[in-house]
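Read the structure below first, then the notes.
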Amino acid sequence: MTDANAMWGGRFAAGPDAIMTAINASIGFDRRLHAQDIAGSRAHAAMLAACGIIPDSDAAAIREGLLTVLSEIEAGRFPFRDDLEDIHMNVEARLAELIGAPARRLHTARSRNDQVATDFRLWVRDQCDTATEGLRALQRALLAQAEAGADWVMPGFTHLQVAQPVTWGHHMLAYVEMFARDAGRLADARARMNECPLGAAALAGTSFPIDRAMTAAALGFDRPMANSLDAVSSRDFALEFLSAAAICATHLSRLAEEIVIWCSAQFRFVRLPDRWTTGSSIMPQKRNPDAAELLRAKTGRVLGAAVALFTVMKGLPLAYSKDMQEDKEQVFDAADTLMLALAAMTGMVAGLAPDRARLEAAAAAGFSTATDLADWLVRRLGLPFREAHHVTGRIVAAAEAAGCDLPGLPLGAMQAIHPAITAEVFGVLGVQNSVASRTSPGGTAPARVREEVARWKAVLG
Ligand code: ARG
């Protein structure tokens, strides 16, 4: 080929500047779309033949040639070329080398604009599925913790100050719920993105009698996209994936932070196994929760990818602009980061060894059953809650002054604050009683936690 460019040389007298090639080429990263690109081309060629647009013999040659290209790429033997810009032109040029003339009919009724939109949708769709599997695995690990510790008492916090006793199982199930919503967001995004851009061609559709339903079905899409301009210029499917990924990463970072806190010498609520900690090169006693810290940090990376692509897309006129080539690296990096983060969190959660005695002792500290006392004053003495709150506050102050916890305060000291209090009150001041009493739907009582564990086991299998 003597043209300045093998794909569009007809109009050009000179080839591109080296720096033009450098800024323009996406092959360095979009080679990750090779399987999707080849699947899209196979579906397109089969449709062209079925519609009588290209000969069956050409479609057969294209199909065989594309399989050879796929095997070359998978074997690491494919001669990727920067001057061919992207995966679409690399594949097509290699196909022409392999099968000659029929390859030159493949791009009939197609443009790289609908091609890349299709490839990328297929790729992001796969990521939704992979992330969903990762979330399920993490939920199962959390569920196993919840089942083992359905009645283990630990402090519940607000403002990271001891608030009320809760159960370990309840705390684990809170994350099961959060990750279920993350999976739900991915499922929603997947359902919306599962329409096929192929056949939109450059932007306006095509004059060839194509069958868009056929290519859509061959690629597992629910239907063709309805509007050709929208089909080539929309990346909201990627934005939705990144948004869902950023929310999920945010949830992971919260659990990661709790693990970091729980592992600290001051808390010692849990122990991470050796294989999920690292040592220090100078301080021999250290067991650092590096993976949890990195999970906390990687949220910035995933959210950063979302912000970057929102910024790329904002203000772009219809239809395709080359700006949109900047969509891929962000999504690739965010997806890789999310999958690694999910796997690391699953491993850590599975290996977490809670210190049950320590959790329970911590649950009793900080007057954590003060609300139980106030509730008892309401229930048994008929006090309005605000008055009960005040009386309880004075009892807590008395206990604090006496240097004891609430169950340790003598009845006489309580009666000095409210004479109607009886010894029955001691029945509600223990942390076990406290959690057992919280039987409202969604509450922390072990009975409720066991019901939720059973429900989630049925869901997760
Ligand atoms: N590499 C391009 C991208 O990622 C493919 C589409 C190019 N289309 C074009 N008209 N230059 O967006």
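For the single chain, residues carry numbers from 1 onward in sequence order. Note that this is a predicted model, so its numbers are computed, not measured. We count ligands from 1, going down the list as the structure has it; atoms in each ligand are counted the same way.
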| query | Cationic tip of Arg121 within the cone over Phe221's six-membered ring, i.e. under 6.0 Å and within 45° of the normal? | reply | no

Does NZ or CZ of Arg112 fall inside the cone over Tyr320's six-membered ring, less than 6.0 Å from its centre and within 45° of the axis?
no

Heavy atom of the protein closest to [atom] (residue, atom name, distance):
{"atom": "atom 5 (C) of ligand 1", "result": "Asp86 OD2, 3.5 Å"}
{"atom": "atom 11 (N) of ligand 1", "result": "Arg112 NH2, 3.4 Å"}
{"atom": "atom 8 (N) of ligand 1", "result": "Asn113 OD1, 2.9 Å"}

Check your understanding: Do the charged groups of Arg32 and Asp336 touch, with an N to O distance under 4.0 Å?
Key -> yes

- Charged N-O contact under 4.0 Å between Glu97 and Arg94: yes

Task: Close N or O approach (Gln325, ligand 1; < 3.5 Å) - done: yes

### Query
Judging by distance only, is a nitrogen or oxygen of Tyr320 under 3.5 angstrom from one on ligand 1?
yes

Point to revise | Parallel, tilted or perpendicular: ring planes of Phe267 versus Phe157, cut at 30 and 60 degrees | key: tilted

Please work out whether the ring planes of Trp262 and His171 are parallel, tilted or perpendicular, with thresholds of 30° and 60°.
perpendicular

In ligand 1, the atoms that come under 4.0 Å of a heavy atom of Lys328 are 3 (C), 4 (O), 12 (O)

Quick note on ligand 1: atoms under 4.0 Å from a heavy atom of Ser26 include exactly 1 (N)

